[in-house]
Amino acid sequence: MDELAAQRIAKAEALRARGTDPYPPRVARSHTADAVNQIVEAWPPDRTEGADLEVDVTGRVVGRRDQGKATFLDLRDGSGRIQVLFRQNSLADYDSLKLIDFGDFIGVHGSPIRTRTGQPTVAGTAWTMLTKALHAPPEKYHGLADAEIRQRRRYLDLMANEETRRVFTVRSKVVAAIRRFLDDRGFLEVETPVLQEAAGGAAARPFVTHFNALGEDRFLRISLELHLKRLVVGGFDKVYEMGRIFRNEGLGAKYNPEFTMIETYEAYADYNDVAAMVEEMVSGVAENVLGTTTFAFRGHEISLARPWRRVTFHDALREYGALDLDAFPDVATLGAELRRRKVDFAPTAGYGKLCDEAMSAYVEPNLIQPTFLMDYPIEISPLAKSKPGNPRLVERWEIFMGGFEAGNAYTELNDPVEQRVRFEEQLALKAAGDDEAELMDEDFLFALEHGMPPTGGFGMGIDRLLMILTGQPTIREVILFPQHKTVKE
RNA sequence: GGGCCUGUAGCUCAGUUGGAAGAGCAGUGGACUUUUAAUCCAUUGGUCCAGGGUUCGAGUCCCUGCGGGCCUACCA
């Protein structure tokens, strides 16, 4: 069996035999680890004792140095680390320290001191077990490196790796800063359904589930868009939602089937207004949370400082792919050219999809610094307003950074008649074999028919932004519990 | 789906031509009253992923399966 766990259970029983609960319901705590450290650091350099002050500190035992008749322990709580020192002549029942293992939570009563090496320390006069752990934390020096265990058992990763604690702390602060930015600009945060009768608003396959009470299938949302625009119709001029969406696709460095998306919709704005807002939001959040707009990512140095480059879809293809779409204006000619260039694409791909494949091949990997790629082909943008003077393009941009797409925005299509035509074109693509084409959404059309004001909309993958902001090369390192295959018994 | 890699103690990892399964950390016992990857002495701990095969002999070679990672493809 697990001999090490059995030893720890025996120690818990030994504590009970002494009349103390190894899992007490309440604890004495007067100071965090960080608070004690700060108190001692504030002392004059020659002061070593603070006997007038008594503190109760708590935390997990993460270090232990037995010194005979003195024992040093390192405790870690949410604020940081604090060293405690027990000496045989100032702790009754000194032998009881043998009941403390790595990973246990204990409380220590004592006075702050400074050791001869200058280390802030609590000189303990009493200790209590707060939680007996049955397993040791990961090995203290080499830590926990196995990516699978780090992700499946993130609690071990968090115990072992400071960088992991940092990444997810940053994530939390970034999410809060984004909310603060939008709230301060008068946006209203809303919540829309995750379970939907039809999953729309993006080109992606959905997950399907079943609603027992109604005997109907439901789809997990693949975007937030269509419901948020209904709210603009209803009169909420500025709305946003930050939430989980689900796309039934593979796993990869940039892909997790559930990820966090933020979408904003602002009435009386267009895609240029939205671009200005997004620049300000992302660079401002970076500055506020991390104190910089420069980040190391996959060997590059990425600057999120404003302004970001703007280049049109067509110009970018000319620049990075030496491909002039004007010379290949239809499926036949562009398809032939891409075949000649050995760019893969599905046989069912329409013209817009071919353009997108060319962009993915030539442009996307080169867009390391944040770049707005402007004015997309209309076929792959069924919810965006067409560009005045060019019926083949729409007012849409995607934001790229680090060589991948991180966000998407358009001047929203609000002509209900044209929107119906666009849906019908999508249905034709679907019939031709494109299983990611947009579905007709009659209720959404009915909403548009009541009038949606001119609106600028925006969506961004929070996880991908976090990859840049934390310097993590894969999306799995910025998601606490990324998807994995089920472990088979 | 394709390619490459990988599975050895609780953790991190070695293991040579195929010849008695190892180290550090953790654990246990001991020394040490200012250490901080403490140090020192001793010591417990193994279904070498699983199943087959080759062989006098397999952690090592072969086959199959299972698990996992990375790259790639589809996809944001």
Side-chain angles (χ1 to χ4, degrees), chain A residues 1-8 10-11 48 61-74 81-91 94 98 101-103 113-121 123 133-153 156 159-160 201-205 222-223 245-261 344-346 348-349 353 356-357 360-361 364 380 398-400 404-408 434-436 459-465 467 473-476 484-489:
Chain A
M1 294 304 234
D2 190 337
E3 189 183 333
L4 299 180
Q7 287 172 356
R8 285 163 174 256
K11 290 177 182 175
T48 59
V61 177
V62 295
R64 176 167 187 148
R65 292 170 295 285
D66 265 275
Q67 188 71 29
K69 296 181 180 62
T71 296
F72 292 91
L73 299 177
D74 296 329
R81 267 181 181 241
I82 181 68
Q83 174 171 274
V84 302
L85 167 61
F86 293 110
R87 281 168 292 193
Q88 195 171 44
N89 58 9
S90 56
L91 176 67
Y94 184 81
K98 289 184 176 177
D101 288 304
F102 279 105
I113 62 166
R114 181 139 56 195
T115 64
R116 71 173 55 147
T117 56
Q119 173 79 43
T121 299
L134 301 187
H135 304 288
E139 203 258 3
K140 66 184 179 184
Y141 182 55
H142 298 95
L144 181 63
D146 183 288
E148 188 205 353
I149 296 176
R150 287 184 41 245
Q151 291 163 16
R152 286 190 194 270
R153 298 188 170 161
L156 295 178
M159 282 181 217
R205 286 182 292 267
I222 58 174
S223 83
I245 70 170
F246 308 85
R247 296 185 181 178
N248 207 336
E249 291 151 0
L251 300 164
K254 296 180 292 182
Y255 301 92
N256 192 62
E258 56 176 317
F259 62 101
T260 300
M261 179 93 136
D344 279 340
F345 56 87
T348 55
K353 187 73 179 168
D356 202 40
E357 294 289 359
S360 296
E364 182 168 14
I380 53 172
E398 289 190 314
I399 171 68
F400 290 84
F404 57 77
E405 187 210 328
N408 182 26
D434 182 352
D435 58 357
E436 291 167 354
M460 179 173 65
I462 294 290
D463 315 87
R464 287 188 174 178
L465 176 64
M467 288 169 64
T474 73
I475 200 168
R476 311 166 77 70
H484 281 272
K485 284 184 78 169
T486 302
V487 178
K488 304 237 171 53
E489 292 302 326

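Reminder, nothing fancy here: chain letters follow the sequence lines and each chain counts from 1. For the numbers below, each heavy atom of this structure counts, side chains included, while hydrogens, waters and symmetry mates do not.
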Given B:U35, B:U28, B:A76, which nucleotide is nearest the side-chain atoms of A:T117? B:U35
Which nucleotide, B:G27, B:C74, B:A76, lies nearest any side-chain atom of A:E357? B:C74
Which of these nucleotides, B:U35, B:A76, B:G27, is closest to any side-chain atom of A:A203? B:A76
Please tell me which of the listed nucleotides, B:U34, B:G27, B:G69, lies nearest to the side chain of A:R476? B:G69
Separation of atom CG in A:N408 from atom C1' in B:C75, rounded to whole Å: 14 Å
So what does A:F404 touch, heavy atoms closer than 4.0 Å: a base, only the sugar-phosphate, or nothing? nothing
Could you list the residues that satisfy side-chain contact (heavy atoms from CB on, under 4.5 Å) with A:A123, not counting sequence neighbours? A:R87, A:I113
Taking B:C62 as the reference, what is the distance to B:G18 when you measure between their P atoms (whole Å, please)? 10 Å
Checking all strands, does A:A202 fall into the base, sugar-phosphate, or nothing category for heavy-atom contacts under 4.0 angstrom? nothing
Quick check: on RNA chain B, is the nucleotide nearest A:N256 upstream (toward 5') of the one nearest A:R64, or the reverse? Name the residue that is more 5'. A:R64
A:F102 near the nucleic acid: base, sugar-phosphate alone, or nothing, with a heavy-atom cut-off under 4.0 Å? sugar-phosphate
Is there a donor and acceptor pair, one atom on the side chain of A:R87 and one on the base of B:U33, closer than 3.5 Å? no
Which part of the nucleic acid does A:Q83 contact within heavy-atom distance under 4.0 Å: base, sugar-phosphate only, or nothing? base
Who are the side-chain contact (heavy atoms from CB on, under 4.5 Å) partners of A:F246, not counting sequence neighbours? A:V194, A:F207, A:L220, A:R244, A:E258
Restricting to nitrogen or oxygen on both sides, can you table the protein-nucleotides 11-14 of chain B pairs closer than 3.5 Å?
| unit_1 | atom_1 | unit_2 | atom_2 | d |
| --- | --- | --- | --- | --- |
| B:C11 | O2' | A:E139 | N | 3.2 |
| B:C11 | O2' | A:G143 | O | 3.4 |

With nearest nucleotide decided by heavy atoms, which residue, A:N89 or A:D66, maps closer to the 5′ end of RNA chain B? A:N89
Selected nucleotide, minimal atom distance to A:Q119 side chain, candidates B:U35, B:A76, B:U28: B:U35
Nearest listed nucleotide, side chain of A:R116, among B:G30, B:U34, B:A76: B:U34
